[in-house]
**Student:** 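The structure is given below, and queries will be raised subsequently.
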Protein chains: 2
Amino acid sequence: MPSTFEVLAEPRRRQILDVLRTRECSVNDLVALVPVSQPGMSKHLKVLREAGLVQVRQDAQRRLYRLSPEPLAEVHEWLEPYREVWARRLDALERHLDDMPD
Amino acid sequence: MPSTFEVLAEPRRRQILDVLRTRECSVNDLVALVPVSQPGMSKHLKVLREAGLVQVRQDAQRRLYRLSPEPLAEVHEWLEPYREVWARRLDALERHLDDMPD
DNA sequence: CCGCAACATTCCCGATTGGTTATATTACCG
DNA sequence: CGGTAATATAACCAATCGGGAATGTTGCGG
């Protein structure tokens with residue numbers, strides 16, 4: 001069972017999420033927008049589903065996929081201590097620049 | 001050339017970064033802390049180096065690695081629009097709960 | 001300048017991954 | 001109920017990846 005990080009490693013999966021972020025889509029819609037075959041799209045969507053990053057809703061013959069962003073919180077939280085590090089670095093840089101006469 | 005996302009997909013590489021976040025380390029230090037052989041560690045460090053996530057400094061025979069968090073900003077920025085989505089969802093949930101009589 | 005200690009590289013392996021083609025499956029519509 | 005549109009699954013392939021053993025490389029210390 002791949003982690004959210006591994007699921008996001010695939011550029012096309014991120015691209016799929018970028019589309020679903022703005023609107024619900026059928027599989028065919030996504031195939032038209034992302035350069036991948038239909039079976040390939042179904043595979044990616046399965047990975048995204050199992051990671052909890054998308055949800056499906058049936059509409060006649062179509063399946064409408066929509067974003068389910070909760071698992072992204074894990075990534076956000078992993079990143080948090082690093083944000084502190086780079087904020088500290090920016091502070092130090094600013095103080096250093098303030099000390100420069102020119 | 002792998003993206004930051006792909007580099008972070010590896011659990012052990014995240015583990016390495018977690019260590020380097022708090023202190024500068026030699027390769028041997030890291031081998032003692034992360035379950036991987038020394039050649040394996042050198043490989044991971046190479047990937048991290050080429051991604052700009054760590055920097056090296058030579059100290060006698062040792063090489064001291066330290067975190068270089070800047071590339072993580074890319075991940076942070078990709079995540080940003082999604083934070084808005086899940087913030088909206090939490091707001092909606094709260095409003096909904098406030099509307100419930102019980 | 002020799003020998004060791006610390007790392008990096010090479011080589012090889014099994015496993016996984018992403019992709020496509022071909023083939024189910026499913027649900028509507030006439 | 002038969003056909004078709006939409007999607008999923010199966011089967012297969014090439015490429016990549018992570019891992020370890022063996023082997024280079026480099027820089028110090030005596």
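To find a chain, count down the sequence lines: A is the first, B the second, and so on, and within it residues start at 1.
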**Student:** What's touching nucleotides 26-30 of chain D from the protein side, N or O pairs under 3.5 Å?
**Tutor:**
none

**Student:** If you look only at distance, which donor and acceptor atoms sit under 3.5 Å apart when one is on a side chain in residues 27-41 of chain A and the other is two or more places apart or in another chain?
**Tutor:**
residue, atom, partner, partner atom, Å
Asp29(A), OD1, Ser26(A), OG, 3.3
Asp29(A), OD2, Ser26(A), N, 3.2
Asp29(A), OD2, Ser26(A), OG, 3.2
Ser37(A), OG, Gly40(A), N, 3.2
Gln38(A), NE2, Ser42(A), OG, 3.2

**Student:** From the 5' end of DNA chain C to its 3' end, which nucleotides mark the outer limits of contact with chain B, defined by a 4.0 Å heavy-atom distance cut-off (strictly under)?
**Tutor:** dA6(C) to dC11(C)

**Student:** Give the rounded distance in Å between these two atoms: CZ of Arg57(A) and C1' of dA6(D).
**Tutor:** 15 Å

**Student:** Backbone N or O of Leu8(A) within a donor-acceptor pair of the Arg14(A) side chain at under 3.5 Å?
**Tutor:**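 It does hold such a pair.
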
**Student:** When you compare the side chain of Val7(A) with that of Phe5(B), does any pair of heavy atoms fall below 4.5 Å?
**Tutor:** no

**Student:** Do any side-chain nitrogens or oxygens of Tyr65(A) fall under 4.0 Å of OP1 or OP2 in dA8(D)?
**Tutor:** yes

**Student:** Specify the residues of residues 2-33 of chain A, ordered by number, for which at least one heavy atom lies under 4.0 angstrom from an atom of DNA chain C.
**Tutor:**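 Glu10(A), Arg12(A), Arg13(A), in order of number.
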
**Student:** Could you go through residues 84-97 of chain A and list every donor-acceptor pair under 3.5 Å that involves a side-chain atom there, pairing it with any protein atom two or more places apart or in another chain?
**Tutor:**
residue, atom, partner, partner atom, Å
Arg89(A), NH2, Leu67(B), O, 2.7

**Student:** For residues Arg83(A) and Glu80(A), determine if any side-chain heavy atom of one lies less than 4.5 Å from a side-chain heavy atom of the other.
**Tutor:**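 Arg83(A) vs Glu80(A): side chains touch.
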
**Student:** Taking C-beta and beyond as the side chain, do Tyr65(A) and Val19(A) meet within less than 4.5 Å on heavy atoms?
**Tutor:** no

**Student:** What are the residues of residues 39-48 of chain A, sorted by number, that bring a heavy atom to within less than 4.0 Å of DNA chain C?
**Tutor:** Pro39(A), Gly40(A), Lys43(A), His44(A)

**Student:** Can you tell me if Thr4(B) uses its side chain to pair, donor with acceptor, with the backbone of Leu72(B) under 3.5 Å?
**Tutor:** no

